[in-house]
Chemist: 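Have a look at this one before I ask anything.
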2 protein chains.
Amino acid sequence: MAAISRVLSGSPTARSIPAATQERIFAAAQQLNYRPNLLARSLRQGRSTSVGVIIPEISEGYATPILAGIEETLSAAGYILVMLTHHHRAEVLARAQQIFAERAVDAIIAVDTALPFVGPIPTVTVSCPDSRPNVTNIVLNHDRAAELALHHLYALGHREIAIIKGQPFSSETEVRWNAIERAAACFGIALRPNQVVQLEEDLPTSEPGYRATRKLLDQARDFSALFAFNDVSAIGAVMALHDAGLRVPNDVSVLGFDDIAFAGVHRPALTTIRQPLHEMGVLAATTVLKQLGGIPDLRSGTQRMIVEPELIVRSSTLKR
Amino acid sequence: MAAISRVLSGSPTARSIPAATQERIFAAAQQLNYRPNLLARSLRQGRSTSVGVIIPEISEGYATPILAGIEETLSAAGYILVMLTHHHRAEVLARAQQIFAERAVDAIIAVDTALPFVGPIPTVTVSCPDSRPNVTNIVLNHDRAAELALHHLYALGHREIAIIKGQPFSSETEVRWNAIERAAACFGIALRPNQVVQLEEDLPTSEPGYRATRKLLDQARDFSALFAFNDVSAIGAVMALHDAGLRVPNDVSVLGFDDIAFAGVHRPALTTIRQPLHEMGVLAATTVLKQLGGIPDLRSGTQRMIVEPELIVRSSTLKR
DNA sequence: TTGAAAGCGTTACCAT
DNA sequence: ATGGTAACGCTTTCAA
């Protein structure tokens, strides 16, 4: 039994077993159609070749490419995902910790989620700006993103730029806003309070963007450009502007964020700041795998991996 | 140990344990912050409170609501998903069987996937028309869908209707096409071979729909309506028609399928045949849960659960 | 180089 | 009503 275990699980101690015996073992396993019981192995080793993934919801546009990137990478390495959604509810987040512990996940990837816990296992976050000890954070270069965005609009002649901030519960809202403020200061753009609105509802649709834009139009109509928190809300903004008799991009230039799949298909095609969502998922997964396979020392210490945004110009964003 | 196991796992045999003892056990568990080890339980019981889910890919529009419905329902019942994607590759599908067996999933849900295997565990398929023994199939009422679609177009005066069939590898392509043929016969609509094209590329984007429509336009321009295999390809079709100088819906009425989230946001807003994707995910999951909890007899026998489509009229599909 | 045996943390079968 | 104990199928240590 010992020899069989060592050979079939590819243990380094198998090197001291003669080739002939190994052959016999492989042959027998093949003939008997032997499959090791992963549950027994997991129980014994205390690990499960699985990775916990937590994300607010399985939503269109944003979550999909990240999850796809994570799934591809992990399943190619023989890991499965223990995927949980929390819908921004604190008690579900707390339960997630239990579930991950029960299932003995070997690592955790948190997407767009402020983890209330950090365990002794490798932990990687995606788009969670608040860094915690022993966690690797994969974050977008928000300063660069804001600079790309405002430079684009500024270069086209826009000076009165409205902003739609993210929902209060969204983990990136604050850092993004701060970056926008810094970039605006750089370009000498004034962000007037009545030209700033915030997404409110917890819906992954364009509805919150529509409502925020309605509110914006009620309190200010003197902006010539609008920078939305994400593409989904930018689409809602375009609808609201259109309903208010304003043309996009002729009257108002709308700039989105994320570059979701539908951004290029939407009419008017959405100019946007691209986040490499799929790549971020892949990066999160490969980072986890590296930590799982590598030297334990690599796990410790807070690390930041910065991902670069890109300006995608689609509908010609005309100068006013 | 025995008493503790019985009480904490809610075994029916725990009824013969006096309330006082049960209290003591609960109190101690609480105080010691005891969490049962799921791996050990799974090893012993041969089940893992997990459900295998296999789907071609984590794609926008189609997969997302189904997966969300499955995830919600299963995780509310304490199950986790073992989610695999196969990208229409046969060898990956075969490996999936291995992985599900290794992980000792308690049931399997296959979405839009022709399973090459049926095990002894409850198995539910979503949108897989070919029925196999001991599998519950959740399928759309395709005849009704085709009837809704063609009646809608017919009533608007359309007689020359082009069709975009699904990819050859898509599990619903054939059954959908057969239903369309029957409905067309009913209404006395002739489906001319040069007005029928098929999606080819294995991409979850609107690209295949665009290409198919280009091909269609090369071989026929005498159609006044176009019925696409799904919304994603309908969007591609609208782009291709537009690029060819045709207006939608003025020159050509385009009818989609699925009613994905962006169908109502797209301009022109997409008229479409709605599949209740989210509900289908929920239904698949509840069916699995019922079979897992219920009498084993319920598992046997092939069952079909028919889901009804709905016509969603958005852009006014004008009579030619 | 190989084998025996001790667990991993449960559950379930028997006794009491 | 309770408790002892043998599995479940593997890995790993220790001896041979």
Side-chain angles (χ1 to χ4, degrees), chain A residues 1-50 78-80 82 97-106 119-121 292-293 296, chain B residues 1-50 78-80 82 97-106 119-121 292-293 296:
Chain A
M1 273 176 72
I4 291 166
S5 170
R6 289 197 279 244
V7 169
L8 293 181
S9 64
S11 154
T13 63
R15 290 195 307 132
S16 58
I17 293 174
T21 309
Q22 301 213 15
E23 276 310 316
R24 271 201 304 148
I25 289 172
F26 281 125
Q30 178 100 36
Q31 194 188 334
L32 298 171
N33 197 29
Y34 170 81
R35 303 284 165 222
N37 181 321
L38 234 51
L39 260 42
R41 174 180 292 175
S42 298
L43 177 61
R44 182 62 231 255
Q45 300 191 341
R47 46 195 208 75
S48 57
T49 45
S50 71
Y79 283 78
I80 60 164
V82 175
Q97 177 174 24
Q98 292 284 346
I99 295 172
F100 286 155
E102 274 177 349
R103 301 282 172 173
V105 297
D106 301 340
I121 56 176
L292 284 173
Chain B
M1 272 175 71
I4 292 167
S5 171
R6 289 196 279 246
V7 169
L8 293 182
S9 64
S11 154
T13 62
R15 289 196 307 133
S16 59
I17 293 174
T21 309
Q22 300 212 16
E23 275 310 314
R24 271 203 303 150
I25 288 172
F26 282 124
Q30 179 98 38
Q31 193 188 336
L32 300 170
N33 196 29
Y34 170 80
R35 303 284 166 223
N37 181 320
L38 235 52
L39 259 44
R41 174 179 291 174
S42 298
L43 176 61
R44 184 61 233 252
Q45 299 191 338
R47 45 194 209 75
S48 57
T49 46
S50 70
Y79 283 78
I80 60 164
V82 175
Q97 176 174 23
Q98 292 284 348
I99 295 171
F100 286 155
E102 274 177 349
R103 301 282 173 172
V105 297
D106 301 340
I121 56 176
L292 284 174

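So you know, we letter chains A, B, ... as the sequences are listed, proteins then strands, and number each from 1. Just so it is clear, the structure is predicted and the values come from calculations on it, not from any experiment.
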Chemist: Can you list the residues that meet the side chain to side chain donor-acceptor pair (under 3.5 Å) rule with B/Arg44, with sequence neighbours excluded?
Modeler: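 If we apply the side chain to side chain donor-acceptor pair (under 3.5 Å) test to B/Arg44, skipping adjacent residues, there are no hits.
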Chemist: List in chain and number order the residues that pass side chain to side chain contact (heavy atoms under 4.5 Å, CB included) with B/Ala101, two or more places apart in sequence or in another chain; answer none if no residue qualifies.
Modeler: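 Applying side chain to side chain contact (heavy atoms under 4.5 Å, CB included) to B/Ala101 gives none.
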Chemist: How would you list, by chain and number, every residue that makes a side chain to side chain contact (heavy atoms under 4.5 Å, CB included) with A/Ala2, sequence neighbours excluded?
Modeler: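 A/Arg6.
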Chemist: Got a sec, which residues hit side chain to side chain donor-acceptor pair (under 3.5 Å) with B/Ser5, two or more places apart in sequence or on another chain?
Modeler: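 B/Ser5: no side chain to side chain donor-acceptor pair (under 3.5 Å) contacts found.
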Chemist: Any side-chain hydrogen bond (donor to acceptor under 3.5 Å, both in side chains) pairs touching residues 19-29 of chain B, not counting sequence neighbours?
Modeler: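 Non-adjacent pairs meeting side-chain hydrogen bond (donor to acceptor under 3.5 Å, both in side chains): zero.
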Chemist: Do nucleotides 11-16 of chain D as a string where each nucleotide becomes B, S or -: B if the base has a protein heavy atom under 4.0 Å, S if just the sugar-phosphate does, - if no protein is that close.
Modeler: BBB---
Chemist: Can you tell me if A/Ser48 and B/Arg103 form a side-chain donor-acceptor pair at under 3.5 Å?
Modeler: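 Per modelled atom types, A/Ser48 and B/Arg103 side chains form no pair under 3.5 Å.
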Chemist: Using a cut-off of 4.0 Å on non-hydrogen atoms, how would the nucleic acid contact of A/Thr21 be classed: base, sugar-phosphate, or nothing?
Modeler: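 Sugar-phosphate: the residue A/Thr21, judged by heavy atoms under 4.0 Å, touches backbone atoms but no base.
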Chemist: Taking the axis from the first five pairs and the axis from the last five, what angle separates them in the helix from C/dT1-D/dA16 to C/dT16-D/dA1, rounded to 10 degrees?
Modeler: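 Helix axis angle between the two ends: 40°.
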Chemist: With sequence neighbours excluded, tell me which residues meet side chain to side chain contact (heavy atoms under 4.5 Å, CB included) with A/Gln45.
Modeler: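 Side chain to side chain contact (heavy atoms under 4.5 Å, CB included) check on A/Gln45 returns A/Arg41, A/Arg47.
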Chemist: Could you check whether B/Thr13 gets within reach of a base, just the sugar-phosphate, or nothing at all, counting any heavy atom under 4.0 Å?
Modeler: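 If one applies the 4.0 Å heavy-atom cut-off, B/Thr13 turns out to touch nothing in the nucleic acid.
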Chemist: Is there a side-chain contact between B/Tyr34 and B/Leu8, using heavy atoms and a 4.5 Å cut-off?
Modeler: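 Result yes, sub-4.5 Å side-chain heavy-atom pair found.
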Chemist: Residues two or more places apart in sequence or in another chain: which of them pass side chain to side chain donor-acceptor pair (under 3.5 Å) with B/Ser42?
Modeler: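 Applying side chain to side chain donor-acceptor pair (under 3.5 Å) to B/Ser42 gives none.
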Chemist: For A/Asn37, which residues count as a side chain to side chain contact (heavy atoms under 4.5 Å, CB included) partner, sequence neighbours excluded?
Modeler: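 Per chain and number, A/Asn37 pairs via side chain to side chain contact (heavy atoms under 4.5 Å, CB included) with A/Leu39, A/Ala40, B/Leu43.
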Chemist: Using a heavy-atom cut-off of 4.0 Å across all strands, would you classify A/Arg35 as base, sugar-phosphate, or nothing?
Modeler: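 Since only primed, P, OP1 and OP2 atoms lie under 4.0 Å of A/Arg35, the category is sugar-phosphate.
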Chemist: Could you state the CD-P distance from B/Glu102 to D/dC10, rounded to the nearest angstrom?
Modeler: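 Whole-Å distance recorded here is 11 Å.
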Chemist: Starting at the 5' end of DNA chain C and moving along, which residue's nearest nucleotide shows up first, A/Ile17 or B/Leu38?
Modeler: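 Result: A/Ile17.
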Chemist: Please enumerate all residues that pass side chain to side chain donor-acceptor pair (under 3.5 Å) together with B/Thr13, with sequence neighbours excluded.
Modeler: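 Side chain to side chain donor-acceptor pair (under 3.5 Å) check on B/Thr13 returns B/Ser11.
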Chemist: If you walk 5' to 3' along DNA chain C, what is the first nucleotide with an atom under 4.0 Å of a heavy atom in chain A, and what is the last?
Modeler: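 Answer, 5' to 3': C/dT1 to C/dG9.
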Chemist: Closest nucleotide of DNA chain D for A/Leu43 versus for B/Arg24: which of these residues is on the 5' side?
Modeler: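 First, find each residue's nearest nucleotide; the 5'-ward one identifies B/Arg24.
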Chemist: Have a look at A/Arg47 and say if it touches a base, only the backbone sugar-phosphate, or nothing, with a 4.0 Å heavy-atom cut-off.
Modeler: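 Since no nucleic acid heavy atom lies under 4.0 Å of A/Arg47, the category is nothing.
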